[in-house]
Amino acid sequence: MNNLTRHPLTPFIALLVMMIVLHLLSEPLKAYLEYDRVDIKQYEWWRFLTANLVHSNTNHLLMNGAGLAVIGLLHSQYYSLRYFFIVFVVLSLSVAIGIYFFAADIRWYVGLSGVLHGLITLGAVLDILKHERTGWLLLIGTILKVSYEQIWGASEEVADLIGVSVGTDAHLYGAIAGIILALVYIKFRQSVKDEK
């Protein structure tokens with residue numbers, strides 16, 4: 001069991017399994033997990049975290065699952081099980097709280113895409129620190145994508161596929177949170193070096 005928890009893809013697989021299990025719940029049960037501004041105002045704060053784990057339909061789950069798999073293959077070396085859990089919670093809360101305070105027009109939200117944007121920007125900066133050129137490509141590509149969405153909106157084809165509006169604000173807040181986490185990591189690493 002110890003070897004399983006140390007495998008670099010374990011956190012990504014565990015998150016994927018959790019999303020699949022939650023997707024199989026009945027709609028009334030899933031409704032208790034979704035981001036719903038009205039219910040959050042009634043102190044149902046768990047929705048800040050759980051909204052990132054449930055999806056609008058199977059296409060939405062498959063798209064986010066594929067994104068999670070790609071990020072796992074690219075950046076699993078940066079995560080232990082505990083560190084991935086912490087990063088997931090911070091990114092999930094950052095996305096949902098960002099929507100709550102800065103996108104008041106969004107009443108309802110589900111999906112992992114905001115967290116995925118955070119994971120990709122964090123991983124890209126960590127790649128850059130290792131002098132991998134692909135890190136710059138990932139970071140610049142993600143910034144351009146998020147900027148495009150903020151100016152022109154998301155693809156209508158994707159919205160039709162997932163059955164809801166694409167959470168472009170979630171993508172923005174996730175990407176920003178990923179960069180902030182990377183900067184915190186850099187600062188922490190520098191302070192450890194300075195102490196030696």
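When a residue number appears, it is its place in the shown sequence, counting from 1.
- Between Leu112 and Asn64, the shortest heavy-atom contact is N-ND2, 3.2 Å.
- No donor-acceptor pair under 3.5 Å is formed between the side chain of Asp169 and the backbone N or O of Ile99.
- Taking CG of Leu9 as the start and CG of Leu73 as the end, the distance is 6.0 Å to the nearest 0.5 Å.
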### Test side chain to side chain contact (heavy atoms under 4.5 Å, CB included) applied to Asp36 and Arg107, step by step
CA-CA 6 Å; Asp36 187 313; Arg107 182 184 180 271; 3.5 Å; yes
#### Entry: Leu139 vs Ile179, side chain to side chain contact (heavy atoms under 4.5 Å, CB included): CA-CA, chis, key distance, verdict
CA-CA 9 Å; Leu139 185 61; Ile179 291 170; 4.2 Å; yes
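- Across all non-hydrogen atoms, the minimal contact from Arg37 to Tyr100 is NH1-O, 2.9 Å.
- Taking Tyr109 as the reference, nothing meets the ring pair (Phe, Tyr, Trp, His ring centres under 6.0 Å) condition, with sequence neighbours excluded.
- Residues passing the salt bridge (charged side-chain N to carboxylate O under 4.0 Å, His left out) test with Glu156, sequence neighbours excluded: none.
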Report, one line per pair, each donor and acceptor closer than 3.5 Å where one atom sits in a side chain of residues 120-134; sequence neighbours left out.
| from | atom 1 | to | atom 2 | distance (Å) |
| --- | --- | --- | --- | --- |
| Thr121 | OG1 | His117 | O | 3.2 |
| Thr121 | OG1 | Gly118 | O | 3.1 |
| Thr121 | OG1 | Ala175 | O | 3.1 |
| Asp127 | OD1 | Tyr78 | OH | 2.5 |
| Asp127 | OD2 | His75 | NE2 | 2.8 |

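- The number of heavy atoms from other shown groups lying within 6.0 Å of CH2 (Trp136) does not exceed 12.
- Side-chain rings of Tyr43 and Trp45 approach one another, their centers coming within less than 6.0 Å.
- The nearest pair of heavy atoms linking Trp108 to Glu34 is NE1-OE1, 2.8 Å.
- Put simply, Ile40 and Leu29 are part of the same group of oily side chains (I, L, V, M, F, W, Y) that touch within less than 4.5 Å, one to the next.
- The CE atom of Met19 sits 9.5 Å away from atom CG of Leu62, with the distance rounded to the nearest 0.5 Å.
- Grouped by direct or indirect side-chain proximity (heavy atoms under 4.5 Å, Ile/Leu/Val/Met/Phe/Trp/Tyr only), Trp152 sits with Tyr148, Ile151.
- Linking ILVMFWY side-chain heavy atoms closer than 4.5 Å, directly or via other members, places Leu81 and Leu49 in two distinct hydrophobic clusters.
- Using a 4.5 Å heavy-atom cutoff, the side chains of His60 and Val110 are in contact.
- In terms of hydrophobic clustering, with Ile, Leu, Val, Met, Phe, Trp and Tyr side chains grouped at heavy-atom distances under 4.5 Å, Tyr32 and Leu61 are assigned to different clusters.
- In this structure, Ile140 CD1 and Leu144 CG are separated by 7.5 Å, a value rounded to the nearest 0.5 Å.
- When all heavy atoms of Ile106 and Tyr35 are compared, the pair lying nearest together is O-CE2, 3.9 Å.
- Note that OG1 of Thr168 is 8.0 Å distant from CG of Leu172, once rounded to the nearest 0.5 Å.
- Leu138 and Ile143 fall within the same hydrophobic cluster, defined by Ile, Leu, Val, Met, Phe, Trp and Tyr side-chain heavy atoms under 4.5 Å apart, directly or through other members.
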Donor-acceptor contacts under 3.5 Å from residues 83-94 side chains, at least two apart:
| from | atom 1 | to | atom 2 | distance (Å) |
| --- | --- | --- | --- | --- |
| Ser92 | OG | Phe88 | O | 2.9 |
| Ser94 | OG | Val90 | O | 2.7 |

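- No path of Ile, Leu, Val, Met, Phe, Trp and Tyr side chains, each step under 4.5 Å between heavy atoms, connects Trp46 with Val54, placing them in separate hydrophobic clusters.
- In terms of heavy-atom proximity, Ser80 sits nearest to Pro11 at O-CG, 4.1 Å.
- In this structure, Asn57 contributes its side chain and Ile162 its backbone to a donor-acceptor pair below 3.5 Å.
- When all heavy atoms of Ser76 and Pro8 are compared, the pair lying nearest together is CB-O, 3.2 Å.
- The distance from the CG atom of Leu33 to the CG atom of Asp39 is 11.5 Å, given to the nearest 0.5 Å.
- Rounding to the nearest 0.5 angstrom, the gap separating the OH atom in Tyr79 from the CZ atom in Phe12 is 5.5 Å.
- A salt bridge (Lys or Arg N to Asp or Glu O under 4.0 Å) check over residues 81-101, counting only residues at least two apart or in different chains, returns nothing.
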